[in-house]
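Notes follow once the structure below has been shown.
Numbering starts at 1 and runs along the sequence shown.
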Amino acid sequence: MINSENLSFQLVDVLLVLAFCGHIAWTVKASSQCKQALSREIRPHSVAITEFGAVGDGVTLNTKAFQNAIFYLNSFSDKGGAKLFVPAGRWLTGSFDLISHLTLWLDKDAVILGSDNPDDWPVVDPLPSYGRGVELPGGRHRSLIYGRNLTDVIITGDNGTIDGQGSVWWNWFKRKTLDYTRPHLVELMNSTGVVISNLTFLNSPFWTIHPVYCSHVIVQNVTILAPLDSPNTDGINPDSSNGVCIEDCYISTGDDLIAIKSGWDEYGISFARPSTNIIIRRLIGHNRNGSGIAIGSEMSGGVSEVYAENLYFFDSSTAITIKTARGRGGYVRNIYILNVTLVGVDTAIRFDSTFSPHPDDFYDPNALPVIERITIKDVIGNNIEVAGLLKGIEGDTFHHVCLLNIALTVTSGSPWNCSYIQGYSAMVSPETCEPLKESIYPNHSSDCYHLSNHLRSSGNQNKGSWLHSW
């Protein structure tokens, strides 16, 4: 007869070894991906925006000063690059372009202010992976700070501020008087070697930081703030981008804190550029109309290899969300989220398969998304209304969803609601829904992303020390 106490010790041993071994590859990868290129902050050439006639009174429009300064600094791009210094003051401007091998540096008391005149935000073509503006057919207003086809770009400082003054845009949106999709605060396209750090971003008209078709992007030590009722003011949205590291950020906005995207329906499928190798670490924040981390809903180019750890979400609508629908196509696979703390969250985990606004009538309703190998591990939460709303699509079951070591204090009488979901679980409280009740161990660890092929014998380990470390 098997002793139940010994069995519980053995199970903990297995879980610990799996957690430790499964973490090794990610630790090495994350360390190298998140620490690259920081030495590039040192530039051999530097000018101040005041040398080009800028006035930091919050009233004078300085768009030409920014444009002229950057045009001048372009002559140093092959000489080690250059730095544009923004001193203390309130520097009103419209949209301006960055260049390669540039550091935009904001002093501690520097504030770059976005103009409230829409004519200062030019209209540009829609992204090819979207086919139209996200909000309206046709073009979109260009972001306040913009760049495309760039290499080695740094936006940083001594915690200076970039303020989009988005309230005028939010009002136009609510009144339905916009002619084009609202602008982002920062957007970089087709660029590589991007670092955004040590700044505060306020009141974006639309999404705040949007790297799209980019590679090797680092966003570190930023604060992103917008009113909780401001529409679609997402924090950081990696979009069809590869090798993105987001860490040590505080975000409080009116929508998703981080949303990983890759194009919209038939346009995203055709463009076929996924978001992959995304690392998110040490993120704190809250919202009332979005999620802490969202994947989708525009994910038609595919999303994979996402690793997120050490997350703290409070007073929020939803913590972790995958948003998709019929017609999206694409895939979301190989997602690993661990070490999550939740306080006062309406829904801890949500898979929403009905998020179905489409760009036009030419999408393929038979293009079904593939959602598979999603592992969520080590989650604790207090004052949670619903543990999980996990809804796949009829005829398109979401596979290999794995929940491990989750403990939530839930106020709802129905903590889980699942449909068209298949997967496994272990050590989940309250007890999960029927499609996920089959245990991960001992037969299904290979089906769970990052819990496979690392099982080792632990019979000679000191059980007391393992339990203490756990």
Closest heavy-atom pair, Tyr130 versus Trp207, reported as atoms and distance to 0.1 Å, is OH-CH2, 4.0 Å
Is the closest side-chain donor-acceptor distance between [X] and [Y] under 3.5 Å?
| X | Y | value |
| --- | --- | --- |
| Asn190 | Arg148 | no |
| His286 | Asp315 | no |
| Ser204 | Thr233 | no |
| Thr156 | Ser197 | yes |
| Asn277 | Glu305 | no |

Qualifying salt bridge (Lys or Arg N to Asp or Glu O under 4.0 Å) pairs, either residue in residues 434-446, two or more places apart
Glu431-Lys437, Glu434-Lys437
Would you be so kind as to tabulate the donor-acceptor pairs closer than 3.5 Å made by side chains of residues 133-144, with sequence neighbours excluded?
| residue | atom | partner | partner atom | Å |
| --- | --- | --- | --- | --- |
| Glu135 | OE1 | Arg182 | N | 2.9 |
| Glu135 | OE1 | Arg182 | NE | 3.2 |
| Glu135 | OE2 | Arg182 | NE | 2.9 |
| Glu135 | OE2 | Arg182 | NH2 | 2.6 |
| Arg140 | NE | Asp125 | O | 3.1 |
| Arg140 | NH1 | Glu187 | OE1 | 3.2 |
| Arg140 | NH1 | Glu187 | OE2 | 3.0 |
| Arg140 | NH2 | Glu187 | OE1 | 3.1 |
| His141 | ND1 | Trp121 | O | 2.7 |
| Arg142 | NE | Ser95 | OG | 2.8 |
| Arg142 | NH1 | Asp97 | OD1 | 2.8 |
| Arg142 | NH2 | Ser95 | OG | 3.2 |
| Arg142 | NH2 | Asp97 | OD1 | 3.2 |
| Ser143 | OG | Ile145 | O | 2.8 |
| Ser143 | OG | Glu187 | N | 3.3 |

From Ile376, Ile295, Ile293, residue fulfilling side-chain contact (heavy atoms from CB on, under 4.5 Å) relative to Ile335
Ile295
Considering only NZ, NE, NH1 and NH2 on the basic side and carboxylate oxygens on the acidic side, decide whether Asp248 and Arg282 come within less than 4.0 Å.
yes
Can I get a per-line list of side-chain donor-acceptor pairs under 3.5 Å for residues 381-400, giving both atom names and the distance, sequence neighbours left out?
| residue | atom | partner | partner atom | Å |
| --- | --- | --- | --- | --- |
| Asn382 | OD1 | Thr409 | OG1 | 3.4 |
| His399 | ND1 | Gln422 | OE1 | 3.3 |

Does Leu436 offer a backbone N or O that forms a donor-acceptor pair with the side chain of Ser425 under 3.5 Å?
yes
